[in-house]
Amino acid sequence: MKKIFSTTLGVMASVAAMISLNSCSSCSQSQGELADFEDKDDTTLIVSAEVVGDMIQNISSPVEMANEIKNSGVQFSQSTLNAAGQEGKYETSFKRAINLGVYAADLGYINTFGKNLVVVDYLSSIKRLADGIGVGQFLNFSLLSRMAKDNTNLDSLKQLSVSSFNEIDKYLREQKRSNVSTAIVVGTWIEGIHITNSVIEQTKSRDLINRLGEQKNIVEILQIVIHTYARSDSDFKALAKEIDELKAIYDNVRITTEMGQPVTKEVDGMLVIEQNEITTVEITDEQVAQIIAKIKEIRAGIVD
């Protein structure tokens, strides 16, 4: 699968902006309360682990477009986000994992706008959710709080978020918990689309609408992975139904890719030829409205 967007800011990876790369001797703890979620992740893992890995490497959340959102002129809107402090109502491992992804997306949006006053509140919610699914040992709260507040260190935060998310994903898969990784990624993607949609509704930005249309490729990947777990997990089964309905809307969106003119540039003293691609998205106003409405419905079922 080719990348739809390059993995840089990635809200999917902004959960990793909260995860330190330090190893931990207690990584095997917190297994008991997770049994209801993890016991279902057995035979399907043989098939799905590689697919999940591809998904994480190839899906860049729409909040990767955070700079475009900021440059569109819209104001920061905290009301668009899932309110900090709601994590206590998520009582199952699935709800904790998927809402960990939601809060990760929210944090990426907050950091892009430099709203430092609310960063710690969201980090606190993320820490509690991470503890609830047995990965809190990877979270260095004080370090990440400092980094999140340091607007001059944004590039380092981006790099750490990508590499750190890969680390937590690696750990979860080694522990045969790739279903947990999938839930986190889905939550981040849904919230990223939700944030993007809120800007589209305000600005009617054609660039963002095209990016929304490009998510057709992502939905196809999500559908495959979610259906893998839906065979034995009722939470994923309910989510699969929602994603199927979203995919049905996207089926009518057309994406065509043409080879553009090659570009020559110098890299480390050598001439390199890069082949550009031109992607065209055909999406109607009605389809945009349907996608926005469906995302709202799916998100409501996640955060409520």
Side-chain angles (χ1 to χ4, degrees), residues 4-5 7-19 55-56 59-70 74 76-87 89-90 94-113 115 118-119 121-130 132-133 148 161-162 165 168-169 180-202 208 211-212 214-215 218-219 221-222 225-226 235-236 238-239 242-243 246 291-304:
I4 305 304
F5 309 116
T7 307
T8 52
L9 178 58
V11 188
M12 170 186 62
S14 63
V15 67
M18 298 145 236
I19 301 164
M55 178 180 71
I56 289 171
I59 295 177
S60 296
S61 169
V63 179
E64 186 174 39
M65 299 179 288
N67 286 330
E68 290 183 36
I69 291 173
K70 187 175 181 181
V74 298
F76 173 81
S77 174
Q78 191 171 347
S79 62
T80 302
L81 310 179
N82 193 21
Q86 299 295 308
E87 67 280 354
K89 67 182 182 181
Y90 305 131
F94 178 83
K95 291 287 279 188
R96 289 169 183 164
I98 201 167
N99 278 284
L100 176 59
V102 168
Y103 276 124
D106 291 341
L107 188 70
Y109 174 75
I110 291 166
N111 283 338
T112 299
F113 279 85
K115 299 299 180 179
V118 297
V119 165
D121 290 338
Y122 277 82
L123 279 174
S124 296
S125 293
I126 286 165
K127 176 66 166 70
R128 285 190 283 270
L129 286 173
I133 60 172
S161 60
V162 173
F165 188 88
I168 195 172
D169 171 66
V180 181
S181 275
T182 298
I184 294 171
V185 171
V186 171
T188 310
W189 183 80
I190 289 292
E191 185 74 349
I193 289 284
H194 166 72
I195 294 169
T196 302
N197 287 348
S198 70
V199 178
I200 289 174
E201 289 182 306
Q202 295 177 62
L208 291 180
R211 291 295 187 98
L212 180 64
E214 288 174 347
Q215 299 305 299
I218 304 304
V219 172
I221 300 172
L222 289 175
V225 177
I226 291 170
D235 289 311
F236 276 103
L239 182 60
E242 299 287 356
I243 295 297
L246 180 62
I291 292 169
I292 290 175
K294 189 59 190 178
I295 290 293
K296 285 181 179 179
E297 182 182 337
I298 296 172
R299 180 183 183 269
I302 290 172
V303 303
D304 288 347

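Positions are given from 1 along the sequence.
The distance from atom CG of Leu246 to atom NZ of Lys294, rounded to the nearest 0.5 Å, is 7.5 Å. Within the model, atoms CD1 of Ile243 and CD1 of Ile221 stand 12.5 Å from one another, a figure rounded to the nearest 0.5 Å. Once rounded to the nearest 0.5 Å, the distance linking NZ of Lys95 with CD1 of Ile302 reads 7.5 Å. Here CD1 of Ile184 is found 4.5 Å from CG of Leu100. Values are rounded to the nearest 0.5 Å. Note that CZ of Arg128 is 14.5 Å distant from CD1 of Ile133, once rounded to the nearest 0.5 Å. Here the OG1-CG distance, from Thr182 to Leu222, works out to 9.0 Å after rounding to the nearest 0.5 Å.
When all heavy atoms are compared, the tightest approach of Ala104 to Thr188 is CB-OG1, 4.2 Å. The shortest heavy-atom contact between Ser77 and Thr80 is OG-OG1, 3.0 Å. When all heavy atoms of Leu81 and Glu191 are compared, the closest pair comes out as CA-OE2, 3.9 Å. Val118 approaches Gln78 most closely through the heavy-atom pair CG1-OE1, 3.5 Å. What you find for Glu87 and Tyr103 is that their closest heavy atoms are N-OH, 3.8 Å.
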- Item | side-chain contact (heavy atoms from CB on, under 4.5 Å) between Thr196 and Leu212, intermediate numbers included | CA-CA 8 Å; Thr196 302; Leu212 180 64; 5.6 Å; no
- Message: Show, in sequence, the C-alpha distance, side-chain angles and deciding distance for Val180 and Phe94, and conclude whether the side-chain contact (heavy atoms from CB on, under 4.5 Å) test is met.
- Response: CA-CA 7 Å; Val180 181; Phe94 178 83; over 6 Å; no
- Query: Stepwise, does the side-chain contact (heavy atoms from CB on, under 4.5 Å) test hold for Gln215 with Trp189?
  - Reply: CA-CA 10 Å; Gln215 299 305 299; Trp189 183 80; 2.8 Å; yes
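Taking the six-membered ring where the residue is Trp, Phe113 and Phe76 present tilted rings, their angle falling between 30° and 60°.
Between Glu201 and Lys296, at least one side-chain nitrogen of the basic residue sits less than 4.0 Å from a carboxylate oxygen of the acidic one, meeting the salt-bridge criterion.
Within the 3.5 Å criterion, the main-chain N or O of Ala238 finds no donor-acceptor partner in the side chain of Glu242. Within the 3.5 Å criterion, the main-chain N or O of Gly85 finds a donor-acceptor partner in the side chain of Ser125.
Qualifying salt bridge (charged side-chain N to carboxylate O under 4.0 Å, His left out) partners for Lys127, counting only residues two or more places apart in sequence or in other chains: Asp131. The side chain to side chain contact (heavy atoms under 4.5 Å, CB included) search around Gln202 returns Val74, not counting sequence neighbours. Under the side chain to side chain donor-acceptor pair (under 3.5 Å) criterion, Asn82 pairs with Tyr90, not counting sequence neighbours.
Val303 is listed as a side-chain neighbour of Arg299, based on a closest heavy-atom distance under 4.5 Å. Contact of the Val186 side chain with the Ile190 side chain is registered, since non-hydrogen atoms from C-beta on lie closer than 4.5 Å.
The one candidate from Ile200, Thr112, Val199 that meets the side chain to side chain contact (heavy atoms under 4.5 Å, CB included) condition with Ile69 is Val199. Residue Ile126 is tested with Val102, Leu107, Asn99, Asp106 for a side chain to side chain contact (heavy atoms under 4.5 Å, CB included); the sole match is Leu107.
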